[in-house]
Amino acid sequence: MASDSALWVVATGNAGKRVEFEQILAGSGIEIRNLGGFGDVSFPEEGTDYRENAIEKARAAASQIGEIAVADDSGIEVTALDGRPGPLSARYGGEGLDDKGRVQKLLSELDALDTKDRSARFVCYAALSTPEGDTVVSYGECTGLILPAPAGEGGFGYDPVFKPDGYDLSMAQIDLEAKNTISHRARALHDLLARWSGAENTPGPKPRVD
Ligand code: ITT
């Protein structure tokens with residue numbers, strides 16, 4: 001694994017994620033850039049395995065731009081819905097829905113069950129790939145509850161209906177700095193940084209650490 005590069009390019013088409021990557025990784029000593037200026041990057045069709053999806057996004061970007069790329073595949077898993085929307089979170093309910101529509105679909109499915117169990121978690125697999133295709137993968141999760149109705153304007157996606165454990169507010173009501181200390185993405189990216197520096201500091205041939 002190359003050790004002379006201190007540049008990571010954040011490979012995502014989701015503006016909310018991009019801002020979070022940049023904030024979480026700020027101060028890591030690694031220069032963080034987004035895909036702007038690297039030309040068009042095409043990503044493979046996503047499957048239903050977060051880990052594979054994250055690796056494929058990072059690999060596709062790294063090989064096309066010739067720099068280290070980081071990506072994530074993430075989603076929300078609602079216990080009473082057998083873990084749905086899960087890896088399909090971004091596409092839940094089909095192409096016609098926006099974030100608000102997907103949130104409403106999730107709420108109406110949960111309400112239809114008439115269950116008291118509103119537990120859920122956000123999960124995130126983060127992947128780094130070098131242009132040569134070496135990868136580092138990490139995982140993070142954030143547990144909480146689904147609120148009865150959306151609240152707050154911050155964040156993106158399902159944040160307005162997710163109340164993280166230990167907070168009385170939705171993820172869209174707490175400020176982004178706070179979200180970025182407790183979120184699934186923050187946990188995965190801190191673990192990725194640790195794994196990356198572990199791999200960098202290991203003498204001899206660099207192991208795959210995913
Ligand atoms: P990229 O693949 O381009 O990164 P995407 O939004 O399609 O963007 P995913 O396939 O990983 O990314 O889908 C993640 C979805 O899960 C995201 O669109 C949200 O609906 C939801 N999600 C993930 N993290 C979230 C967060 O921190 N807050 C709210 N919703 C989140």
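Just so you know, ligand 1 is whichever comes first in the structure, and atom 1 is the first atom listed for that ligand. For the single chain, residues carry numbers from 1 onward in sequence order.
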Compute both the distance and the angle, then confirm whether K17 meets the cation-pi test with F156: under 6.0 Å from the six-membered ring centre, within 45 degrees of the axis. no
Between E67 and R33, is there a salt bridge with N-O shorter than 4.0 Å? no
Looking only at heavy atoms, is any part of K179 under 4.0 Å from ligand 1, and if so is it the side chain, the backbone, or both, or is it neither? side chain
of all protein heavy atoms, closest to atom 3 (O) of ligand 1 is G13 N, 2.8 Å
Give the ring-plane orientation class for H184 versus F122, where under 30° counts as parallel, over 60° as perpendicular and anything between as tilted. parallel
Check ligand 1 against E46 and write out every atom of the ligand that is under 4.0 Å from a heavy-atom position of the residue. 2 (O), 10 (O)
Report yes or no: does a heavy atom of I76 sit under 4.0 Å from some atom of ligand 1? no
Picking from L193, V19, N180, L176, what satisfies side chain to side chain contact (heavy atoms under 4.5 Å, CB included) with I24? N180
Distance from atom 16 (O) of ligand 1 to nearest protein heavy atom, with residue and atom: S89 CB, 3.3 Å
How are the rings of Y125 and Y50 set relative to one another: parallel (under 30°), tilted (30 to 60°) or perpendicular (over 60°)? parallel
Got an N/O contact under 3.5 Å between G157 and ligand 1? no
Please say whether D99 places an N or O atom under 3.5 Å from an N or O atom belonging to ligand 1. no
Identity and distance of the protein heavy atom lying nearest atom 12 (O) of ligand 1: K17 NZ, 2.8 Å
Could you tell me whether ligand 1 has any atom less than 4.0 Å away from a heavy atom of H184? yes
What atoms in ligand 1 come closer than 4.0 Å to a heavy atom of T12? 1 (P), 3 (O), 4 (O), 8 (O)
Distance to 0.1 Å, residue and atom name: give those for the protein heavy atom nearest to atom 29 (C) of ligand 1. F156 O, 2.9 Å
Only heavy atoms of N14, strictly under 4.0 Å: list the atoms of ligand 1 that pass. 3 (O), 6 (O), 8 (O), 18 (O)
With heavy atoms only and a cut-off of under 4.0 Å, state how F43 meets ligand 1: side chain, backbone, both or neither. neither
Report yes or no: does a heavy atom of G75 sit under 4.0 Å from some atom of ligand 1? yes
A172 backbone acceptor or donor facing D159 side chain under 3.5 Å: no
Quick test of your reading of the structure: of N180, V161, D159, whose heavy atom lies closest to atom 28 (N) of ligand 1? D159
Between Y50, Y92, Y158, flag the one that comes closest to atom 21 (C) of ligand 1 by a heavy atom. Y158
Specify the protein heavy atom at minimum distance from atom 7 (O) of ligand 1: its residue, its atom name, and the distance to 0.1 Å. A90 CB, 3.7 Å
With a 4.0 Å cut-off, would you call K105 and E109 a salt bridge? yes
Any donor and acceptor pair, going by atom type alone, linking the side chain of D73 with main-chain N or O of N53 inside 3.5 Å? no
For a side-chain hydrogen bond (donor to acceptor under 3.5 Å, both in side chains) check, start with the C-alpha distance between S119 and D117, then their side-chain angles and the critical distance, and finish with the verdict. CA-CA 6 Å; S119 63; D117 182 6; 2.7 Å; yes
Is D165 paired with R121 through a side-chain N to carboxylate O contact shorter than 4.0 Å? no
Please list the nearest protein heavy atom to atom 23 (C) of ligand 1 with its residue and the distance rounded to 0.1 Å. S74 OG, 3.2 Å
So which bit of R102 gets within less than 4.0 Å of ligand 1, heavy atoms only: side chain, backbone, both or neither? neither
Quick check against the 3.5 Å criterion: does S170 have a side-chain atom that pairs as donor or acceptor with the backbone of A151? yes
Would you mind running through ligand 1 and noting each atom that sits below 4.0 Å from a heavy atom of K57? 1 (P), 2 (O), 4 (O), 9 (P), 10 (O), 11 (O), 12 (O)
Any salt bridge linking E20 with K179? Criterion: basic side-chain nitrogen under 4.0 Å from a carboxylate oxygen. yes
Heavy atoms only: give me the nearest P148-R118 pair and the separation to one decimal. CA-NH2, 3.7 Å
Contacting atoms of ligand 1, where contact means under 4.0 angstrom from a heavy atom of D73: 9 (P), 10 (O), 11 (O)
